[in-house]
Every structure is written in C-alpha cells, then in structure tokens.
Number of protein chains: 4
Amino acid sequence: MEMLSPERSPRWERRKERRPAELLAAALDCFVERGFAATRLDDVAARAGVSKGTLYLYYAGKDELFMAVVRENIIPLIDEFRREVTVSSASSAELLRRFLLGWWARVGETKLAGIAKLIVAEAGNFPDVARFFHDEVTLPNHQLLAGIIERGMRSGEFRAIDAEASAQLFLSPLVLRAIWNHSIQPCCADICPISNERMLTAHIDMVLRGLIIQAADPT
Amino acid sequence: MEMLSPERSPRWERRKERRPAELLAAALDCFVERGFAATRLDDVAARAGVSKGTLYLYYAGKDELFMAVVRENIIPLIDEFRREVTVSSASSAELLRRFLLGWWARVGETKLAGIAKLIVAEAGNFPDVARFFHDEVTLPNHQLLAGIIERGMRSGEFRAIDAEASAQLFLSPLVLRAIWNHSIQPCCADICPISNERMLTAHIDMVLRGLIIQAADPT
Amino acid sequence: MEMLSPERSPRWERRKERRPAELLAAALDCFVERGFAATRLDDVAARAGVSKGTLYLYYAGKDELFMAVVRENIIPLIDEFRREVTVSSASSAELLRRFLLGWWARVGETKLAGIAKLIVAEAGNFPDVARFFHDEVTLPNHQLLAGIIERGMRSGEFRAIDAEASAQLFLSPLVLRAIWNHSIQPCCADICPISNERMLTAHIDMVLRGLIIQAADPT
Amino acid sequence: MEMLSPERSPRWERRKERRPAELLAAALDCFVERGFAATRLDDVAARAGVSKGTLYLYYAGKDELFMAVVRENIIPLIDEFRREVTVSSASSAELLRRFLLGWWARVGETKLAGIAKLIVAEAGNFPDVARFFHDEVTLPNHQLLAGIIERGMRSGEFRAIDAEASAQLFLSPLVLRAIWNHSIQPCCADICPISNERMLTAHIDMVLRGLIIQAADPT
DNA sequence: GATGAATGAGTCTTCATTCAT
DNA sequence: TATGAATGAAGACTCATTCAT
C-alpha cells in the first residue's frame, strides 16, 4: 500500500472543519450505548480517531459535549417540525398514515432514535436537557398529530375522540420501538421479533380502524 | 451489658432481616434516578440509613447490587405471570380491558415501572440483565396478551388481526408512559400533561373500538 | 525487625485525630519549597505518609488545603499578637530589643517564616489570602512596634522620627532574612553567610544607636 | 503583493529583532504575577501578541524561557555593578545615600524588582538560577555597599561596625519593599501604606544617624 | 454485625510541546 | 517565519472496595 509512497503518512491531520461533526457522532454512539456517566472521553476520542486532548479543543468538557450532542441533533428536527405545516387536500386518514410513516422514517429509523433513548435515560441527571427536549420536540410533535386528528373529526371523517390523548397514544408504539431498538433489541438480536414494518403496518391498520367512521365494515 | 437480655437484641435481629429490602429499595431509587454509573454507593447507603461498609455485608459489590435490585423486583412479577392462567368466562374484550388495567395497576403505577426504565437505560452495560428481562418479563407478558387476542378472534368477538404484533402495540402506550413517568415527567411537573387515567381510558376505548366486530356503530 | 512480632503490621492505621495536623505540616513544607502550583498532592500525601485519597477526606481540594495551611498556622500568631499588650516598666529601648528578638524567636526562626515566604510567592494567585495576611498579621505587627517607638518618643528616650515608617524599617531585615532562609539560603548552604545571630545583633545595635538620645557618644 | 518592495518586508524584519525582548517582557510579567508553574505559555504568547508556537522559535521550552528572563534582565545589572567603581571624593555618607537611592531607582522601582520576587519564589524549583542570582547579584551588591561602609570607617566618618552585616541590613528594607510591591501590595491597593519615598527618607535618615560620628547632636 | 477511615485504580482535565499547514 | 491544531504525559479528583476498630 505505502510502498510507492515516498512521503510517510503524517502523524495527524488538520481537520478543523470536520472534527465537530465527527466528535459528535462518536459521542452520540457512546452515550446511547453506555449512558453519560459510563462513557469515557477516551472512548469517544478513540472512536472519532483523535486523541483525548483534541476533544477539549472543541468542547469544554463532558457536560458540554453531551449538551452539544443533544442540541446539534435535535435542532434540525425542530426546524423540520416548524416547516411541516400540513396543508394538504389528502384525507385525514391519509395524513395520519403519512405522519406516522414519516415520523418513523425521519426519526424512528435514524440516529435520532438514539437521542430519544439517551434523553429518557439521562433525564434525571440533565433535567434541563430533558425539559428542552420535551418542550421543543415532544410537545410540538404531539400538537402536530393532534391537529391532524382534529381535522379529521371536524370533517366528519373520524369519530369523536380525545384528540390530545390520542396523539400520544398513536405515537407511543413508534417511540417505544425506537427506544427499544437502541437498548434491549441489540441484546436479543437472535430472537427475531416482529419487524419494524410489521409493527408499523399493524399499528396504522389498528389506528385507522378505530378512528374512521364507516357505513359498513365488510372485513 | 447484654446479660439480662434473654433474646439477644431483638431489635438488631429484626433490623438484620429487613436490611436487604431496605437496601434494595434505596438502590432502586438511586439507579432509576441517576443510572447505574452515576449512582454512588454512598448515596444508596445514606438513603437506606446505613454506612457504606454495611452494604458490602449484604451485597458483594455494585454490580451484584444492581443484579439483585432487578432480580428481586422482577421475580414476583414473573411468578404472577405464571399464575395468571386466564381461564374465565368473561368476554375477550373484558379480559383485554382487565389485562391492561391490571398491568397498569400492578406494574405501571408501581416501582416496577422504574425497573423498566432502568433496564432500558442500562441494557448496553448489562446485556445479561436486559436479556433476562426480555425473556422472563417482556415475552411472557406479550404472550399472555396475544393469547387473549387470539381467544377473541377464535370466538368471533374480535376481527382478524396480527395478534403477536398487536400485543406489543396494545402495551406500548402503557410501557412508554411508565418509563416516561420515571424520566422526563419529573422534569416537566408543572406542565400537567394528560393524566394516566385519561390516557388509559382513551387507549382502551381505542383498542376495543378497533378490535370488536359490531353490527352497527351508533356512536 | 519484624521477626519476633507474631502479628503483621496493618496496612494502615486509623488516625482521625492526628491526620489534619500531619497533612498540614506536610503541605506547608511542600508549598514553601515548591510553590502552590508545582506541589503535587501525591507528594503531600506521601510526605504525610498517607495515600492521595486520604487527603480528600480532610480537605476538599488543593485550594482548600492551601487556605487551611495558611489559616491554621496564622491564627495562633494572631491570637498571640492580641494578647501581647506590652505593659511593662522596662525602658523603650529594652522593649524594642525584646520585640525584635521575640519576633525572631517566635516567627523568624519557626515554620511561620515559611508561611511568609509562601504568601509573598503566591499573593498573585491567592489575593484573598494575601489580604488576610496583611490585615491580620502585618498591620497589627507594625502597629505593635510603632506603639513601642511612640512610647519611647513620648518619654524622651528616643528622638523624634517617623514611627510608622520606622516600624516597617526595623522589621524589614528580620522579615527578609526569614523569607531568604526559605528560598535562596538553601541553595547557597556552602557559602556560610552572616549568621542569623550576627545579623540580629548588628541590627539591634544599629537601630538603638540611631534612636536613642544620648548626652555623649563615647564609642 | 511584495513585488515592489526592494527590501523584503522590513516590518517583518524589525519585528523579528524585537520579538525576543517582547517575549521576555511578557514572560517576566506572567512569571512574577503567577509564578513559574502557574504561568501558561498560552498567556505569555497572548500577552506578547504572538501565537504559542512562535515562542518555540525563540526559546526551546518553558525552562529555557524562564532562564532567559532571569539572565537577560540580570546581566545588564551585573555589568553596571562592575562599572560602578566608586571612586569619588564625596563623603562616605553621601556615597551611602547615593547608593541606596541609586539602588532604588535602578532596581527597586524597575521591573528588576519583579525578578527579585520571582527568584525568591522559585528558588526551590530553580536552585541554579537562585545560586546564580546570589553569586552574581546579591553578593557583589553587598560587597559594593560594604566597601562604602568600610571606607567611611577608615576615614573616621563612620563609627566601627560590622560592615558585612550592615551592608545586608541597609539594603533589606529596600529589597523587601521591592518584593512586596510585586506581591502583596497589589492586593491591598486601597490601604495606601507608607509611600516608597517616605520609606526611603526615613531609612537613610536612620542609617546615617546610626553611623556617623558627630560631635554633638543638635536634633 | 456495623462503621467509616483508608486506599488506589480510574477519569476528567490541563498544558507543554510538536508539527502539518 | 508564523500559526494553531493535535498530541500525550501529568496531575487533580472521585469512588468502589477493603479493613482496622
């Protein structure tokens, strides 16, 4: 490999621009896997391919790193929620379906799921972060979903239900599965449980079945 | 000193018997609140009202203590699952309702909910524990629920659905809420979210509505 | 040595009462020798014959230890100043002589001299400590001495001089020598400079000669 | 860019020549303020307006820098001592007065006073430097002063005293004040103590009064 | 059994020093 | 020559664990 290369590879590279993202990615993985306290900065650094000291060039300490991990990953999500003003001519059932599938695609299946697990696990030690997450992520998300449900009720498409509570209920299986995938699932990889898709399909079926007002039910 | 006492310090004795339970309770609280790594044995001991050294008279170390916390809390639960052979003449809908309400009463509302949160948070560091929990708690629980659903389908009370997946789905909101109550909820105490009861009611309504085959729906 | 001793010596001893004094003594030596920053807590612990962790059972950290070293050594000194109300029928010259000899015996020759050196060296990093030292040690000391000088002037024994300034001047050689003995002197041990006694004698002679009003000077 | 410039960037060049002096000045300030160990090279560099790496272009390391600071500041002083062969027709009292005033003007009031404080503080960590200072600065200085005193004794102007010891004694208040001004004085700026001038005046008065043989004392 | 003083391995954090740019 | 990103050894501090009392 290196035979033809006259210059030997340098001991390290200057990557000021990319470092933060690399460090945050490494830190997220470690924090999700082991939790805040059990994560050693040595491990984060090693996973990011730098020395421990380099971490401190970018983040003031372990706490700062944790906050940054959460903040940097969540902010794009928040922005997306803001943009997602569901003006559409689709049926409310279709909107609901799309919302759940969309949430899974954009959150449940991505590393953001790890963030959710992380925050649940560390809420006791980082109440500010937990609060931030709740106010900026959970609540808006629920409100968006509740809005869809209410639209369906107003249009007569859905029967009358507790929209606020239902927003939580409808999201629960997805959130729990997202968390599960980053905690217990890796320990039980051999068991081959119900797949994400199967879960999603069954859930959407169940939700719509319980919601839609139909003349007759031929099933 | 002790000469006149026929039974040697009965108060000591009684204490000695209670100690393990007191220590486990204190440890559970600490572990749930802060996580395994961030919990100091000093804190556990202080919360149990003993000195740090005393802990080691009952548990060999931090890991042992953790395992014991999980084991001791879970075993009664497992036993209960085993006993709960649902032979009943009630309708499947009624059984389902009872199961969910029962789970909430016997798990969701108790300190066992904390165990769930703890295991989710520490699965990465204690895969054996996570696996044990999955095999002995989660799976039997799901099977029990799936059994009820299948009974309802066989009897023509419920429509045909994916019973295995649905068992997970139906339990998800309860499990997530249980976890939530031990992590983010305490940080957002002022917000007064949807109450546990309201959530339960809406959920059971939704589930049964999506499940039961009805001639007409007068709602 | 240990041959006849059936019991082997324990790995460590319980010495709750004596530890603080032992630690402070060790810390004082290290701080005076090397300065605050260059002193490693490992060294302090080793010199006190304990492990590093033990230090933290008694002092919250390096800063606390430093403060304690200064405080504990200075407080007895302050108390002594307070008690030393020089009511005496001796001549003012005799009082002055006694004061200087006394200062040397009680401060200059003792480990308190090291404290003076330490504070001079670390004033920049511990301004509060420096201020405390100035207010509680330096000033009272100067005032005591100035009082003696003023008494001598009032009684006609001393000529009229700037008593405040002279108090500082008269103490300077002693203070500087005390500091010197803990900094440069150890590096130049072979040079055999003027001894402390010779310095003291010459100083007292000089001071009294410049102060006392005499009919004639037969020297 | 530089095409039209016949001499290649003269500003750079001039800078390059000044750099060492700028660095030494910055280092002196930092070392005096905080001590050797507590001084970060980052701070020195920042105070000199260069980057940390640049320091290493001029000095091999922190120790080297420290030595250079001491050496560069002291050498001119030593040279001056050598030149100062006190051949004068003035009275010995006048010479003595000039020496003390001169020392204060040339050392006590300048940044060299900081050097004295620095060496006192760091003697334990840099015995070689302390020794150098003692041999090349302190001793010659004392010898010079002792020479003046001896001249006065030989000429019958001064009474017979311990010239060697007195040389130290006479310089002590100035040295101590010089050190003080760089350590404790800044912490007690509000207290407005005796001014340097008042101290000097009182001291010279005291010294001469104790030294000169006078027929009568008209004071 | 109970205690808590003592220990020391493990981590976070700092900073002198190096070196790619 | 100048820079400052990167390094890694050193040192403060914590805490699970041991053990003298």
Side-chain angles (χ1 to χ4, degrees), chain A residues 7 9-17 19 37-45 49-65, chain B residues 8-9 12-13 15-16 19 37-45 49-65, chain C residues 7 9-17 19 37-45 49-65, chain D residues 8-9 12-13 15-16 19 37-45 49-65:
Chain A
E7 79 252 39
S9 70
R11 286 210 294 161
W12 43 264
E13 261 182 300
R14 233 182 156 94
R15 316 183 65 184
K16 191 181 198 298
E17 305 307 326
R19 288 278 191 245
T39 292
R40 287 177 301 134
L41 292 191
D42 268 326
D43 292 338
V44 175
V50 300
S51 78
K52 198 172 21 166
T54 300
L55 253 175
Y56 286 85
L57 295 177
Y58 296 92
Y59 302 99
K62 206 180 178 185
D63 282 40
E64 293 294 325
L65 180 61
Chain B
R8 292 230 311 292
S9 64
W12 269 128
E13 298 298 330
R15 208 65 203 268
K16 200 172 68 174
R19 275 279 148 75
T39 292
R40 286 176 300 141
L41 292 192
D42 266 325
D43 292 338
V44 175
V50 300
S51 76
K52 194 168 36 164
T54 301
L55 254 175
Y56 283 84
L57 297 176
Y58 295 93
Y59 302 98
K62 203 182 181 186
D63 282 39
E64 294 297 323
L65 180 61
Chain C
E7 78 252 42
S9 69
R11 287 212 292 161
W12 42 265
E13 261 182 302
R14 233 184 156 91
R15 316 183 64 185
K16 192 181 198 296
E17 306 305 327
R19 288 277 191 246
T39 292
R40 286 176 303 135
L41 291 192
D42 268 325
D43 293 338
V44 175
V50 299
S51 77
K52 197 173 23 166
T54 301
L55 251 176
Y56 286 87
L57 295 177
Y58 296 92
Y59 302 98
K62 205 180 179 187
D63 282 39
E64 293 294 326
L65 180 61
Chain D
R8 292 231 311 293
S9 64
W12 268 129
E13 298 298 331
R15 208 65 205 266
K16 198 173 66 176
R19 276 279 148 76
T39 292
R40 286 176 300 140
L41 291 192
D42 265 325
D43 293 338
V44 175
V50 301
S51 76
K52 194 167 36 165
T54 301
L55 254 175
Y56 284 84
L57 297 176
Y58 294 93
Y59 301 98
K62 204 183 181 186
D63 283 39
E64 293 297 324
L65 179 61

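Every chain is numbered from 1, with letters handed out A, B, ... down the list of sequences.
- Per the geometry, CG belonging to D/L65 stands 11 Å off P belonging to E/dA16, to the nearest Å.
- Between C/Y58 and the phosphate of E/dA6, there is a side-chain N or O to OP1/OP2 separation shorter than 4.0 Å.
- Of the possible donor and acceptor atoms, none in the side chain of B/K52 sits under 3.5 Å from a partner among the backbone N and O of B/V44.
- Under 3.5 Å, the side chain of D/K52 and the base of E/dT17 form at least one donor-acceptor pair of N or O atoms.
- With rounding to whole Å, A/L55 atom CG is found 17 Å from E/dC15 atom P.
- A sub-4.0 Å separation between OP1 or OP2 of F/dA2 and a side-chain N or O of D/R19 is present.
- Each of B/A37 and A/G53 was matched to the nucleotide of DNA chain F holding its nearest heavy atom; the match closer to the 5' end belongs to A/G53.
- Within 4.0 Å (heavy atoms only), A/Y59 reaches no atom of the nucleic acid at all.
- Of the inter-residue distances, the one linking C/L55 atom CG with C/R19 atom CZ reads 10.5 Å to the nearest 0.5 angstrom.
- Residue contacts for A/R40: at a heavy-atom cut-off of 4.0 Å it reaches the sugar-phosphate backbone alone, with no base atom in range.
- To the nearest angstrom, C1' of F/dA16 lies 14 Å from CD of B/E64.
- When both distances must be under 3.5 Å, the Watson-Crick or G-U wobble mate of F/dA20 is E/dT3.
- At the phosphate of F/dG8, neither OP1 nor OP2 sits under 4.0 Å from any side-chain N or O atom of A/S51.
- Of the side-chain N and O atoms in C/R14, none sit less than 4.0 angstrom from OP1 or OP2 of F/dT21.
- Here A/L41 lies in heavy-atom contact (under 4.0 Å) with sugar-phosphate atoms only.
- Taking a pair to require two hydrogen-bonding distances under 3.5 Å in either a Watson-Crick or a G-U wobble arrangement, F/dA10 pairs with E/dT13.
- Remark: C1' of F/dG8 and CG of A/L57 are 12 Å apart, rounded to the nearest angstrom.
- Between D/A37 and C/A37, the closest heavy-atom pair is CB-CB, 3.4 Å.
- The NZ-P distance, from A/K16 to F/dG4, rounds to 10 Å in whole Å.
- Atom-to-atom, NZ of D/K62 to P of E/dT17 comes out at 8 Å; the value is rounded to the nearest Å.
- For the pair A/T39 and C/E13, both in contact range of DNA chain E, the more 5′-proximal nearest nucleotide belongs to C/E13.
- Side-chain atoms of A/Y58 and A/L65, non-hydrogen and from C-beta on, never get closer than 4.5 Å to each other.
- One can place CG of B/D42 at 12 Å from P of F/dT14, the figure rounded to the nearest angstrom.
- The residue among C/V50 and A/W12 whose nearest nucleotide of DNA chain E lies closer to the 5′ end is C/V50.
- Closest-nucleotide positions on DNA chain F for B/A60 and C/A60 were compared, and the one nearer the 5' end corresponds to C/A60.
- Distances were taken from every side-chain heavy atom of A/Y56 (C-beta onward) to each of E/dC12, E/dA6, E/dG1; the shortest belongs to E/dC12.
- Annotation: side chain of C/W12 is not in contact with side chain of C/V50 (no heavy-atom distance under 4.5 Å).
- Between the side chain of D/K62 and the backbone N or O of D/R40 there is no donor-acceptor pair closer than 3.5 Å.
- A straight line from CG of B/D43 to P of F/dT17 spans 15 Å, rounded to a whole angstrom.
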